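What you are looking at is a predicted structure, and each value in this text was computed from that prediction instead of being measured. Quick note: numbers below take in every heavy atom, side chains included, and nothing from hydrogens, waters or symmetry partners.
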Amino acid sequence: MTMTPAKVPRELDSPLDGGVGESRRRPDGTLKVTGEFAYSSDLWLEGMLWGVTLRSPHPRARIRSIDVSEALAHPGVEAVLTHEDVPGFKFYGLEHKDQPVLAIDQVRYQGEPVALVAADHPEVARRAAAKIKVDYEVLTPITDARRAAFDPDCEKVHEDGNVVRHQPVIFGGDVAEARAGADVIVSETFEVGIQDQAFLGPESGLAVPGEDGGVDLYVATQWMHSDLWQIAPCLGLPEEKVRMTMAGVGGAFGGREDLSMQIHAAMLAMRTGKPVKIVYNREESFFGHVHRHPARMRYEYGATRDGKLVFAEAEIILDGGAYASSTPNVVGNAASLGVGPYKIPSIRVDAYGVYTNNPPCGAMRGFGAVQACFAYESMMDRMAAALGLDPVTFRQINAAHPGDALATGQVLEHMAPLAEMLGRLKAMPMPPERDAAGHDLRELPGGVSNTTHGEGVRRGVGYGVGIKNICFSEGFDDYSTARVRLSIIGGEPTVLVHTSAAEVGQGLVTLKAQIARSELGVRRVTIAPADNQVGSAGSSSASRQSYMTGGAVKVACEAVRERMFKLFEERLGRPPASLAEAVEHLPEVLGDEVIDETREFHHHRTERMDPVTGQANSHTQLAICVHRAVVDVDVELGLVKVVELAAVQDVGKIMNPLSLEGQIHGGTAQGLGLALMEEIVVADGKVRNPSFTDYLIPTILDMPPMRLDILEYADPRAPYGLRGAGEPPTLSSTPAIVAAIRDASGLALTRVPVRPEHIAGSS
Amino acid sequence: MRPFAYRRPADARAAVEAALDAPRAMYLGGGTNLVDLMRLGVAEPDLLVDVAGLPYDTIRETGDGGLEIGGAVRNSDLAAHPAVRRDRPMLAQALLSAASGQIRNAATVAGNLLQRTRCAYFQDVSKPCNKRIPGSGCPAIEGDHYNLAILGHSAHCVATHPSDMAVALTAFGAAVHVEGPGGRREIGMPGLHRLPGDRPEVDTVLDPGDLITGLTVRPLPFAARSRYRKVRERASFAFALVSVAAALDVEDGTVRDCRVALGGVAHAPWRAERLEEALRGRPATEGSYAEAADAELDLAEPLRDNAYKIPLARKVIVRTLAELGG
């Protein structure tokens, strides 16, 4: 790992182990790999009931009637609920409250919840649910997003029209004029299939009715307060009567931003007066959360013969499915980041988010920046080829540098120059050539399936660049809250850090403790369970928790430290010479007293995108990752072995090297999945492969070793100068891998995932 | 899941009698396929007759170099058996290329032969499927079928058989032992699995109550040089797009004999008889292998989106034979 000097001074003198910058093991790591970690699906209370959701088998239908009488009469059943039983407001949603808690008179996607059953056993509840008679008038689903957006004769999924958001971006000179001045013009249409978060822990949780008429919810989620703000109105309860506690989360990747079983379990618990547990099985999970938007993207680029881009035009259509979820913000990212970190004099982007009767789509790691990245990087390769230029050189010629503006006019600041990152990437050693004889089958396309011993195998190399916004964008006043408590326990200074931030596997629990150790010089740090008894921490998404909750813990610790120093001076008549001295004297200085500080951390303000031009400083922070993929392709059978993935990423400050490398490996693997195999196949609005047997995610045999070069160009506005790191690698690995397959096969490959059928027989 | 009765008979006769007691009785082996299908509502047995505990869990070498394999032998154990690894590598390779270690530890040989198709429409109870509900139609023909059959399909069904092991056993011409209401009999492979025709709901020639107690793999000395190759969409844990099991007997540059079967292409493991016929007596060259492959694949009738399987199958056949032919 390469370290460039961090530009944030470390004013403290804490010599302590386990602080910021060190590799610390995660407390949940061992438990997870040994199968001992308690996930939300492991929750159990004596006497609890089991909730089951009846879902629509049709992507679009009117509901003529629902008859629950037989289900209610089923022995063991304690409640059967429909939309009529929703105690409060009947709709919820992250940005638009357009999604009914339970279907009202119509269903808009396959798998939409229609009714709920609580019974003393899950199998009893399932059998009773099968006895609910729903009389559907089946309608032809609206499944073509382009038609839904542009054909005035297309029926409407919701009354107010099929376009959830259209965001144009117009930058620089007139595109038509620039086109006239271009020596070379290339155009192409790209498609991205529906990727699933494919987290391992299916949606699950427990609702316990409270004596005060409220409810205690134990759920696995990404943002408890956002859940709460949606749940409480639907239950007709004030927020203080909905007490949320984080249960063990089995991965999220955006798939837990929207509600799933939360309101349902609470409704059943409030109706029956008993605790109710709901656990989706794997198949139901595929219907229980939103996916990554599939995209159809039309791009046209022009350049001069000497390799300078002169214009870029793009139309990006994102199929949001039946409900809005986070589609508006996904569109904002696709539009603002739609041509990547390149300096282009004339840009026109039109991004659309559209309602259809396909599966609802929303947040997933990379959030709107992934789809466009596949398109713009494919365009960069295509233009480089048309100009006869090396793909890296062509990118370097057009790279936006710090001080240059993106398509929205926002100027890149405080980050590594892209051209330099690409130079470092290209200079990394290449993996060895394939050994022609006596090789390990696992090193070949097809692996141990024994499909080749080298026949038909060609090597290819490809590059990808991705830019991702870090933290929430477009004027949202985002913040996180941390409470830090310092006391003496058993004669030893002890810090308690309390936030409501969701640990979804990203390692935030470890990082919070590292920050507290560094800031307070105290070895013993305890992380309180996340609940809503402390203010909002915002979502564990947008690569934002190190920045936001890390920032909140840091400022709360600073407040505690200030009081600690003040107390020292009061008691000992002089200021401490160092943090270490202050901590050393803490037992006598603090005694039985407690220092307890709660702080909110806000990032600097951003702006809304102009609705006509898209121009704005809309993003809090930007981050770039670049990938090089080396692949061996069996061009006859269509099988791909990714031999090596190398990445250069600027993270501002390495907070925990072990966690960081894990994030880059994981994000890269998810991008590999999108490149080669991951797709929810939908036909006529219905999902064809809702299982991990048929929805393929990469295994360890598919994922190659990685070479990383991590840079630290500090962002002075961010705590420790850090830059969010979880998402950027998810963007650039996909186009790099596809570019490498193109290099090996000579195929155009305009759609991901690339499957064997797209390559086989092309040689 | 529908309610069902469960019985654990003491021997094969009792199992057969028990299975005849209920109209939708099914035998339960490792449960790795059946239980999943029950959860999905695809299989709805009223009685499960658990035969995993019957004494058919041994592998016996016959004096002449053949093998007697019990129906309840676990896939892992068969793959690990020295006589399989040494004399029949394509069978070991086929077994090991299937599923995961955990599933192979539970799945039985008989259950592997009788597993149902992975066709998405068969698995989705909200869709018509002639195999699940006879006469309801086959949406796969017009729908999503990129991984379905190119050989031997019908206007009623285009599903493929998912087993890898059965492909190797078909190449061997294994004999399946059946204990049925009318006594014992043997069924040769190919011959156990049917093509769909107009009754795709019937996967095999077995009658109600028939129990597979084991199989015989007769000696085939040249199968010591045999291979199983499988094309799939990721490096592990995936079903075959196309697979081939092949054994080749070459003397003085001429093919004396061969056995070839294909997987992932048809409703049954597909013995490539035309290929074998075309190859016997021919020089052991890539040209001969390609011609022989074409003789078989000329029978193929691809669907709209799966014609890629024809060149794919040809390539895998040629490569496998070329490797074996030296």
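Heavy-atom distances place no part of B/Pro139 under 4.5 Å from chain A, backbone and side chain included. With a 4.5 Å cut-off on non-hydrogen atoms, B/Arg227 touches chain A through its side chain but not through its backbone. For A/Lys641, no part lies near chain B; criterion is any non-hydrogen pair under 4.5 Å. Residue contact with chain A, scored on non-hydrogen atoms closer than 4.5 Å, involves the side chain of B/Gln93 exclusively. For A/Glu283, the part lying near chain B is the side chain, with the backbone staying farther off; criterion is any non-hydrogen pair under 4.5 Å. Only the backbone of A/Val687 comes within contact range of chain B, judged by heavy atoms closer than 4.5 Å. Only the side chain of B/Leu40 comes within contact range of chain A, judged by heavy atoms closer than 4.5 Å. Both the backbone and the side chain of A/Thr452 come within contact range of chain B, with heavy atoms under 4.5 Å apart.
Closest of all the heavy-atom pairs between B/Gly325 and B/Tyr289 is CA-OH, 3.5 Å. Heavy atoms only, all atoms of each residue included: B/Ile150 and B/Pro302 are closest at CG2-CA, 4.1 Å. Of all non-hydrogen atoms in B/Ala223 and B/Phe172, the two that sit nearest each other are CB-CE2, 3.4 Å.
Remark: the A/Thr143 side chain and the A/Asn358 side chain contain no N/O donor-acceptor pair separated by less than 3.5 Å. For the residue pair B/Lys131 and B/Thr117, no side-chain donor N or O sits within less than 3.5 Å of a side-chain acceptor on the partner.
Contact count against chain B (heavy-atom pairs under 4.5 Å) is highest for A/Asp634 among A/Asp634, A/Val448, A/Asp684, A/Asn281. For chain B, the option among A/Leu701, A/Leu696, A/Ile700, A/Val681 with the highest count of heavy-atom pairs below 4.5 Å is A/Leu696. Contacts with chain B were tallied for A/Met677, A/Glu123, A/Arg127; A/Arg127 has the most, counting heavy-atom pairs under 4.5 Å. With chain B as partner, the option from A/Ser449, A/Ala130, A/Ala683 having the largest number of non-hydrogen pairs under 4.5 angstrom is A/Ser449.
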Legend entry - side-chain hydrogen bond (donor to acceptor under 3.5 Å, both in side chains) evaluation trace for B/Glu323 with B/Thr320: CA-CA 5 Å; B/Glu323 187 198 351; B/Thr320 310; over 6 Å; no
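A distance of 10.5 Å separates CG of B/Asn147 from CZ of B/Phe239, quoted to the nearest 0.5 Å.
By the 4.0 Å N-to-carboxylate-O rule, A/Arg688 lies too far from A/Asp694 to be salt-bridged with it.
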